[in-house]
**Q** 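The structure follows.
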Amino acid sequence: MTTTAASLQTLAIDGGSPVRASLLPYGRQSVDEADIQAVVEVLRSDWLTTGPKVGEFEEAFAAEVGAVHAVCFSSGTAALHAAAFTAGLKAGDEAITTPLTFAATANCILYQGATPVFGDVAPDTLNLDPEQVRQKLTPGTRAILPVDYAGHPADLAPILEIARERGLTVIEDACHALGAEYKGSRVGSLADMTVFSFHPVKHITTGEGGMVTTNHSRFAETLRRFRNHGISSDARQRQSAGQWHYEMVLLGFNYRLPDIVCALGIRQLKKLEANLSRRREIAARYAAAFQEISGVIAPVVRSEANPAWHLYPIRLDLEKLSAGRGQIFRALRAENIGVNVHYIPVHLHPYYRDRFGYRGGEFPIAEDAYSRLISLPMFHSMSDQDVEDVIEAVKKVVAHFEKSQNG
């Protein structure tokens, strides 16, 4: 469809026919019969939790990302909390992170009694700007938490350099970036600790679940204890040793990931490369199509990065459009394209405003990006027709609001 033809169509929100008959979600899990059977086999076994599938999943995951250790958790948020604890964050400490992320990235700092300090993002990738990190350093800084926004790796080299200079711990929030590469290395093998999520809209799923990878044995030991009430052994280890004695050596939580869902994770991990390949195909198709639309800014990919494409966030060139993001969002939803927005900057949430006094305007790049962002459907089971429907709907809606088309 040409831009001119698209602009002549009546939008669904104005009573026209939608591009699709049913809603296409922005993300969706893919679970097949082999996945289901793997879970059923564990349900019939002796171990539903703290059993052999946990270690099997962790070993396979570590090998996949090139890390020495992988420790699984009940959610990505639990994994972030464990990493913050393991980094030694405590009351009086500060940790620098990005405001353009899900709240859990900053919340895990608060869980430890420390203070999140935000740095603005780079205008191209919307990842934490290393120069902002340098500006935000204080004697109280103990950690840096970059986020691989939408699956594009953060600018890790300068961030790691800053950390080494100051003796800081880098916790990479890679919940969007399983399978991504930075300067030829897999995300998960570079930072002191790297956190992943297995929520249903991610590259692989365990329903809920998370993982921390690290090359430091001491960190791995602390992570394993923290997820198990701070106890120095688990039930399977005690049964194997034929003894009952255990000791709580730190204040931990029950953040364990059961064997039931680790079995699902093992099966899902075998499909990661295919899932990544499909997401990259979809991203390439989107990028090619949106080059033709003046009101849309496609995501930037830096030369050193190979993104994993958890999200496909476009930015609207609002100066060329006669409508704001909200109106365009609603128009796309009416076309049955399940768009979303990622994210409301963390410092603008009521809790952070009330506790820390943020009023807006503190991080202009992140806030401007938020006003323009729309996440398009991106998941590996999308059909070619699904992709074409998204492209058609974006062209139809944006063309309708182009100033050049409307005087």
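Along the sequence shown, the residues carry numbers beginning at 1. Note that the coordinates shown come from a computational prediction; the quantities given were computed from them, not determined experimentally.
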**Q** Any sub-3.5 Å donor-acceptor pair from Arg256's side-chain atoms to Cys72's backbone N or O?
**A** no
**Q** Checking side-chain polar atoms at under 3.5 Å, does Asn107 have a donor or acceptor matched by the opposite partner on Tyr352?
**A** yes
**Q** Given the rule in the salt bridge (charged side-chain N to carboxylate O under 4.0 Å, His left out) test, do Glu221 and Arg218 qualify, once you have shown the distances and angles that lead to the verdict?
**A** CA-CA 5 Å; Glu221 181 181 16; Arg218 180 174 58 83; over 6 Å; no
**Q** Would you say the side-chain atoms of Thr77 pair up with the backbone N or O of Ala104, donor to acceptor, closer than 3.5 Å?
**A** no
**Q** Go through the steps to decide whether Val261 and Val39 satisfy the test side chain to side chain contact (heavy atoms under 4.5 Å, CB included), and finish with yes or no.
**A** CA-CA 7 Å; Val261 293; Val39 172; over 6 Å; no
**Q** Between Tyr149 and His176, how do the two ring planes meet: parallel, tilted or perpendicular, split at 30° and 60°?
**A** tilted
**Q** How long is the straight-line distance from CD1 of Ile374 back to CD1 of Ile314, given to the nearest 0.5 Å?
**A** 5.5 Å
**Q** Can any side-chain N or O of Asp259 pair as donor or acceptor with the backbone N or O of Thr50 at less than 3.5 Å?
**A** yes
**Q** Show your reasoning for whether ring pair (Phe, Tyr, Trp, His ring centres under 6.0 Å) applies to Tyr26 and Tyr312.
**A** CA-CA 9 Å; Tyr26 90 90; Tyr312 195 88; over 10 Å; no
**Q** For Phe198 and Phe57, take the angle between the two ring planes, folded into 0 to 90°, and tell me which bin it lands in: parallel under 30, tilted 30 to 60, perpendicular over 60.
**A** tilted
**Q** For Ile337 and Asp389, work out which heavy atoms get closest and say how close.
**A** CD1-O, 3.9 Å
**Q** Looking at Asp192 and Arg164, does any basic side-chain N land under 4.0 Å from a carboxylate oxygen?
**A** yes
**Q** Please check this pair: side chain of Asn228 against backbone of Gly230, looking for a donor-acceptor N/O pair closer than 3.5 Å.
**A** no
**Q** Apply side chain to side chain contact (heavy atoms under 4.5 Å, CB included) to residues Thr49 and Ile260 and explain how you reach the verdict.
**A** CA-CA 7 Å; Thr49 192; Ile260 298 167; over 6 Å; no
**Q** Taking the inter-plane angle between the rings of Phe226 and Phe253 on a 0 to 90° scale, is it parallel (under 30°), tilted (30 to 60°) or perpendicular (over 60°)?
**A** tilted
**Q** For Glu161 and Arg166: C-alpha separation, side-chain torsions, deciding distance, then whether salt bridge (charged side-chain N to carboxylate O under 4.0 Å, His left out) applies.
**A** CA-CA 9 Å; Glu161 181 181 352; Arg166 299 291 292 261; over 6 Å; no
**Q** Is it true that a side-chain atom of Asp354 and a backbone atom of Tyr351 form a donor plus acceptor pair closer than 3.5 Å?
**A** no
**Q** Measure from the side-chain N and O atoms of Thr141 to the backbone N and O of Thr138, and report whether any donor-acceptor pair falls under 3.5 Å.
**A** yes
**Q** Where the side chain of Asp32 meets the backbone of Asp35, is there a donor-acceptor pair that is under 3.5 Å apart?
**A** yes
**Q** If I compare all heavy atoms of Leu89 with all of Ala143, which pair ends up nearest, and what's the gap?
**A** CD2-CB, 4.1 Å
**Q** What heavy-atom pair brings Arg353 and His347 nearest, and what distance separates the two atoms?
**A** CG-O, 3.6 Å
**Q** Going by atom types alone, do Thr205 and His199 pair a side-chain donor with an acceptor below 3.5 Å?
**A** no
**Q** With side chain to side chain contact (heavy atoms under 4.5 Å, CB included) as the test, would you mind laying out the steps for Leu321 and Ile328 before giving the verdict?
**A** CA-CA 10 Å; Leu321 301 172; Ile328 292 173; 3.6 Å; yes
**Q** So, applying salt bridge (charged side-chain N to carboxylate O under 4.0 Å, His left out) with Glu335, which one of Lys395, Arg20, Lys396 is it?
**A** Lys396
**Q** Is it true that Ser322 and Lys403 share a donor-acceptor pair across their side chains at a distance under 3.5 Å?
**A** no
**Q** Please check if the number of heavy atoms outside Leu43 that lie under 6.0 Å from its CG is greater than 12.
**A** yes
**Q** Can a side-chain donor-acceptor contact be found between His342 and Ser375 if the only test is distance below 3.5 angstrom?
**A** yes
**Q** Please determine whether salt bridge (charged side-chain N to carboxylate O under 4.0 Å, His left out) holds for the pair Glu58 and Arg227, giving the CA-CA distance in whole Å, both sets of side-chain angles, and the decisive distance to 0.1 Å.
**A** CA-CA 14 Å; Glu58 291 173 337; Arg227 74 169 174 200; 2.7 Å; yes
**Q** Between Gln132 (side chain only) and Asp120 (backbone N and O only), is there a donor and an acceptor less than 3.5 Å apart?
**A** yes
**Q** Please report the interatomic distance CD(Glu165) to CG(Leu160), rounded to the nearest 0.5 Å.
**A** 11.0 Å
**Q** For the atom pair CD1 (Ile144) and CG (Leu128), what is the distance rounded to the nearest 0.5 Å?
**A** 8.0 Å
**Q** Using atom types as modelled and distance alone, determine if a side-chain donor or acceptor of Asp155 lies under 3.5 Å from a backbone N or O of Asp129.
**A** no
**Q** Please name the pair of heavy atoms, one in Ala334 and one in Pro18, separated by the smallest distance, quoted to 0.1 Å.
**A** O-CB, 3.5 Å
**Q** Please list, one pair per line, the donor and acceptor atoms closer than 3.5 Å that link side chains of residues 279-290 to other protein atoms, with sequence neighbours excluded.
**A**
{"residue": "Arg279", "atom": "NE", "partner": "His380", "partner atom": "ND1", "Å": "3.2"}
{"residue": "Arg279", "atom": "NH1", "partner": "Trp309", "partner atom": "O", "Å": "2.9"}
{"residue": "Arg279", "atom": "NH1", "partner": "His310", "partner atom": "O", "Å": "3.3"}
{"residue": "Arg279", "atom": "NH2", "partner": "Val201", "partner atom": "O", "Å": "3.4"}
{"residue": "Arg279", "atom": "NH2", "partner": "His380", "partner atom": "ND1", "Å": "3.4"}
{"residue": "Arg280", "atom": "NE", "partner": "Asn306", "partner atom": "OD1", "Å": "3.4"}
{"residue": "Arg280", "atom": "NE", "partner": "Pro307", "partner atom": "O", "Å": "2.9"}
{"residue": "Arg280", "atom": "NH2", "partner": "Gly179", "partner atom": "O", "Å": "3.3"}
{"residue": "Arg280", "atom": "NH2", "partner": "Pro307", "partner atom": "O", "Å": "3.1"}
{"residue": "Glu281", "atom": "OE1", "partner": "Arg278", "partner atom": "NH1", "Å": "3.1"}
{"residue": "Arg285", "atom": "NE", "partner": "Glu388", "partner atom": "OE2", "Å": "2.9"}
{"residue": "Arg285", "atom": "NH2", "partner": "Glu388", "partner atom": "OE1", "Å": "3.4"}
{"residue": "Arg285", "atom": "NH2", "partner": "Glu388", "partner atom": "OE2", "Å": "3.2"}
{"residue": "Tyr286", "atom": "OH", "partner": "Pro377", "partner atom": "O", "Å": "2.8"}

**Q** Inspect the surroundings of CD in Glu33 and state if more than 12 heavy atoms from other residues, nucleotides or ligands are less than 6.0 Å away.
**A** no
**Q** For Leu373 versus Pro313, what's the shortest heavy-atom pair and its separation?
**A** CD2-CB, 3.9 Å
**Q** Within the 3.5 Å criterion, strictly below it, is a donor on Thr105 or Asp173 matched to an acceptor on the partner's side chain?
**A** yes
**Q** Can you name the closest pair of heavy atoms from Gly88 and Asp93 and give their distance?
**A** O-OD2, 3.6 Å
**Q** Is a salt bridge present between Lys136 and Glu94, judged by a nitrogen-to-oxygen distance below 4.0 Å?
**A** no
**Q** State, without any angle test, whether Gln268 and Thr206 hold a side-chain donor-acceptor pair at a distance under 3.5 Å.
**A** no
**Q** Begin from the C-alpha positions of Leu178 and Lys202 and carry the test side chain to side chain contact (heavy atoms under 4.5 Å, CB included) through to its verdict.
**A** CA-CA 8 Å; Leu178 177 56; Lys202 300 295 172 47; over 6 Å; no
**Q** Do the side-chain N and O atoms of His400 and Gln9 include a donor-acceptor pair separated by under 3.5 angstrom?
**A** no
**Q** Would you find a donor on one side and an acceptor on the other, under 3.5 Å apart, between the side chain of Arg372 and the backbone of Leu316?
**A** yes
**Q** Is any side-chain N of the basic residue among Arg359 and Glu367 closer than 4.0 Å to the acidic one's carboxylate O?
**A** no
